[in-house]
Structure formats: C-alpha cells, structure tokens
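Okay, structure first, notes after.
Below, all heavy atoms of this structure are taken into account, side chains as well, without hydrogens, waters or symmetry copies.
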Amino acid sequence: STISATSGGITLTGVGGASASNNNHGVRFTGTAEALAGSDGLTVDGSAGGTGSSRNNDGISATGGATMRSGTGPLTLVGQGGAGTASEGIAIESNPSTIGAAAGQSGQTGPITLRADVLYFQDTQTVNTTGALAIEPRSTSFAESLTGTISELSFPDVTSLTLGKP
C-alpha cells in the first residue's frame, strides 16, 4: 500500500501494542509499502514500541523492500524501542528497504534524520539523498554502540553527515 502527498507533509505516528507476542511495532513498513511526501516532508514517529514482554517491539520497523522518501522536504524517522529483547527505536532489515530515493525514482534532496537511542540495520541498507544525513539519539546519548549498525548502512551521495547531537 502507498501513503502519499504531492503537496503538504505527512506525519505517521504509532504506538505498539501490549500483546505478549513478538513484533508489537509502533510503525511498520513491509514489502512494497511506501510513504512518499512532497516539499513539506515526511515524519514517521514510532513514539513507542510495544509493551509486550517478548521481543522485537520496535518503534519503527521497515523490512522487505519498503520505501520512505520525501523528495525536497525533510525525512525524519523518530523511534523508541519498547519492552523486551531486540527492541530497537529504528530497525531496518532484510531485502534492502529504501530511505530516500530508490533507483528510477525522482531524487531525494531534502535532509534525512534518523533519531533513536538504539538503531539496527541489517543487509546493507542505503540512505539515498543528495542532502544532509543526521543520525542522532532521541535522548542525550545512544544506548548502544553504533559500530556494528553503521557498518550495515551505505550513504553514497550524502553531502554532510552528523553522528550524535549537533
């Protein structure tokens, strides 16, 4: 499914459920899901992963080739992991998903911000923008090292990179 706006912005906000099962995500993109916004930008706010006691209660989860882009506007992903193990603020994994423009799509020139205390990337995810990229904690500092997760992130055309709070 596709959520899009050619003018104006889009804000998606979600809070994960309280089920005792796995995968109570705040906002989840999977497969061919797309969120596309114009010049006013796209904000995805996974304010809280689920409170269930199991695992993978991510604030924002993108898997299987999902796309999030905003063209000339800012693209901001803000996530807070929930309860349980392996519950990240932002988790982007498997079958590379797209943050920014994908091949054959109009360009992403707006800045991209990834904001979470715990980030998880798997299978080399690409951030495609000719604008700035900021990877910053939601609170005052990251809750886990960025070393492993940054090695699974490619950002070939980014004009500037900020890690941590400016």
Side-chain angles (χ1 to χ4, degrees), residues 1-5 10-37 41-71 74-106 108 110 112-129 133-138 142-158:
S1 60
T2 300
I3 299 169
S4 65
I10 297 175
T11 300
L12 301 173
T13 303
V15 176
S19 168
S21 63
N22 296 336
N23 303 314
N24 296 295
H25 307 298
V27 177
R28 183 172 188 189
F29 295 93
T30 185
T32 59
E34 293 183 301
L36 317 171
L42 170 65
T43 300
V44 179
D45 184 354
S47 295
T51 58
S53 59
S54 56
R55 56 183 286 118
N56 291 330
N57 297 315
D58 306 317
I60 298 172
S61 172
T63 63
T67 301
M68 295 158 282
R69 67 182 167 104
S70 62
L75 171 57
T76 305
L77 304 181
V78 180
Q80 178 67 44
T85 60
S87 295
E88 294 86 18
I90 299 173
I92 302 176
E93 54 195 321
S94 73
N95 291 346
S97 295
T98 302
I99 305 169
Q105 294 177 334
S106 58
Q108 170 82 32
I112 296 176
T113 301
L114 307 177
R115 187 176 300 130
D117 291 341
V118 179
L119 298 106
Y120 177 76
F121 302 102
Q122 179 190 45
D123 297 337
T124 309
Q125 306 298 325
T126 301
V127 176
N128 288 315
T129 185
L133 170 61
I135 301 172
E136 57 191 40
R138 189 177 154 122
F142 294 107
E144 293 183 3
S145 169
L146 290 178
T147 306
T149 199
I150 286 291
S151 68
E152 293 292 335
L153 194 60
S154 170
F155 35 91
D157 298 318
V158 166

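- Within the model, atoms CZ of Arg55 and OG of Ser87 stand 8.0 Å from one another, a figure rounded to the nearest 0.5 Å.
- The backbone N or O of Thr76 sits nowhere less than 3.5 Å from a side-chain atom of Thr43 that would complete a donor-acceptor pair.
- The OG1 atom of Thr2 sits 6.0 Å away from atom CG of Leu36, with the distance rounded to the nearest 0.5 Å.
- Summarising the geometry of Ile60 relative to Val44, their closest heavy-atom pair is CD1-O, 3.4 Å, with the distance given to 0.1 Å.
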For this session: Walk me through it: do Phe121 and Thr149 pass the test side chain to side chain contact (heavy atoms under 4.5 Å, CB included)?
Result: CA-CA 5 Å; Phe121 302 102; Thr149 199; 3.0 Å; yes
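- Residues passing the side-chain contact (heavy atoms from CB on, under 4.5 Å) test with Ser145 are Thr147, sequence neighbours excluded.
- Scanning both residues, Asn56 and Ala86, for their nearest heavy atoms gives OD1-O, 2.9 Å.
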For this session: Could you check Glu88 against Leu119 for side chain to side chain contact (heavy atoms under 4.5 Å, CB included), going step by step and ending with a plain yes or no?
Result: CA-CA 6 Å; Glu88 294 86 18; Leu119 298 106; over 6 Å; no
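- In this view, Ala35 and Leu12, Phe29, Leu42 satisfy the side-chain contact (heavy atoms from CB on, under 4.5 Å) rule, not counting sequence neighbours.
- Atom-to-atom distance recorded for Met68:CE and Thr98:OG1 is 8.0 Å, nearest 0.5 angstrom.
- Taking CD1 of Ile135 as the reference point, atom CG of Leu153 lies at 5.0 Å (rounded to 0.5 Å).
- Of the inter-residue distances, the one linking Asp58 atom CG with Asn23 atom CG reads 7.5 Å to the nearest 0.5 angstrom.
- The line from CG of Leu75 to OG of Ser70 is 4.5 Å long, rounded to the nearest 0.5 Å.
- Judged purely by atom type and a 3.5 angstrom limit, Gln108 uses its side chain to pair as donor or acceptor with the backbone of Gly71.
- Checking Ile90, Asp45, Leu77, Val78 one by one against Arg115, the side-chain contact (heavy atoms from CB on, under 4.5 Å) holds for a single residue, Val78.
- Taking each heavy atom of Glu152 and Thr124 in turn, the nearest pair found is OE1-N, 2.8 Å.
- Taking both residues in full, the closest heavy atoms of Thr126 and Pro156 are given as CG2-CD, 3.9 Å, listed atom of the first, atom of the second, then distance.
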For this session: Go through the steps to decide whether Thr63 and Thr30 satisfy the test side-chain hydrogen bond (donor to acceptor under 3.5 Å, both in side chains), and finish with yes or no.
Result: CA-CA 5 Å; Thr63 63; Thr30 185; 3.2 Å; yes
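- Across all their heavy atoms, Glu93 and Gln122 have their closest contact at CB-OE1, 3.3 Å.
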For this session: Go through the steps for Ile99 and Ile92 under the test side chain to side chain contact (heavy atoms under 4.5 Å, CB included), then give the verdict.
Result: CA-CA 9 Å; Ile99 305 169; Ile92 302 176; 3.2 Å; yes
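- With no hydrogens or angles considered, no side-chain donor-acceptor pair links Ser154 and Gln125 at under 3.5 Å.
- Shown here for Ala83 and Asn57, the closest heavy-atom pair between the two residues is O-ND2, 2.7 Å.
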